[in-house]
Asker: 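I'd like to ask some things about the structure below.
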Amino acid sequence: MVFASLLMLSCKIETEQSTDTEGTTGVEVKIDKPVVEAKKATMTIEGMTCAMGCAKTIETKLSGLDGVQKAVVDFDKKEATIEYDGAVQTIETLTKTIEAVADGKTYKVKDAKNI
């Protein structure tokens with residue numbers, strides 16, 4: 001009983017509806033693992049031309065990575081702030097992910113640092 005309580009406290013469970021190619025609707029369950037090494041990074045992103053296309057696309061890509069708890073891309077400031085598990089991701093892998101979005105040549109990361 002105690003183990004089950006600890007398990008429920010250490011994991012966040014999210015569910016969302018998904019539909020396959022045959023039109024069948026199911027429930028997808030995502031279980032986030034406990035954070036081992038909490039880190040927060042900021043970085044400047046050059047090459048973004050709009051908030052909804054560029055910034056939102058990068059934010060979505062980062063948010064979908066294992067170990068990323070939160071990603072916010074501010075188009076006006078040309079800055080990303082990412083909360084992540086350092087045991088799963090590194091600042092280098094986050095940088096590579098951003099720079100690989102689109103054609104791999106559009107976005108460039110500068111001044112990446114942990115804060």
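Please read these numbers as outputs of a predicted model, since none were measured by experiment.
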Asker: List, one per line, each side-chain donor-acceptor pair under 3.5 Å for residues 75-85, sequence neighbours excluded.
Answerer:
from, atom 1, to, atom 2, distance (Å)
Lys78, NZ, Met48, O, 3.3
Tyr84, OH, Asn114, OD1, 2.7
Asp85, OD1, Glu37, N, 3.0
Asp85, OD1, Ala87, N, 2.9
Asp85, OD2, Val36, N, 3.0

Asker: So, for Met43 and Leu94, which heavy atoms are closest and what is the spacing to 0.1 Å?
Answerer: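 The pair with the smallest heavy-atom distance is CE-CB, 4.5 Å.
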Asker: Say whether, by atom type as modelled, one donor and one acceptor occur between the side chain of Glu99 and the main chain of Gly104 under 3.5 angstrom.
Answerer: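 No; zero donor-acceptor contacts below 3.5 Å.
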Asker: Would you list the atom pairs, donor with acceptor, under 3.5 Å between side chains in residues 52-62 and any protein atom, with sequence neighbours excluded?
Answerer:
from, atom 1, to, atom 2, distance (Å)
Lys56, NZ, Glu59, OE2, 3.1
Thr57, OG1, Gly53, O, 2.3
Glu59, OE1, Val73, N, 2.9
Thr60, OG1, Lys56, O, 2.9

Asker: With a 6.0 Å cut-off (strictly less than), is the heavy-atom count around CG of Asp66, excluding the residue itself, greater than 12?
Answerer: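 Counting neighbours around CG of Asp66, 12 or fewer heavy atoms of other residues, nucleotides or ligands fall under 6.0 Å, so no.
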Asker: What's the spacing between Gln69 CD and Gln89 CD if we round to 0.5 Å?
Answerer: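 So the gap between those two atoms works out to 10.0 Å.
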Asker: May I ask you to test the Ile45-Lys108 pair for a side-chain heavy-atom distance under 4.5 Å?
Answerer: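 Of all side-chain heavy-atom pairs linking Lys108 with Ile45, none is under 4.5 Å.
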Asker: Between Glu46 and Lys110, is there a side-chain N and carboxylate O pair less than 4.0 Å apart?
Answerer: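 Yes.
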Asker: Rounded to the nearest 0.5 Å, how far does NZ of Lys40 lie from NZ of Lys70?
Answerer: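 Reported value, rounded in 0.5 Å steps: 7.0 Å.
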Asker: Would the distance check show the side chain of Thr95 and the main-chain N or O of Ile91 forming a donor-acceptor pair, the cut-off being under 3.5 Å?
Answerer: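 At least one qualifying donor-acceptor pair exists.
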Asker: Can you tell me how far CG of Asp74 sits from OG1 of Thr42, rounded to the nearest 0.5 angstrom?
Answerer: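 If we round to the nearest 0.5 Å, Thr42:OG1 and Asp74:CG are 12.0 Å apart.
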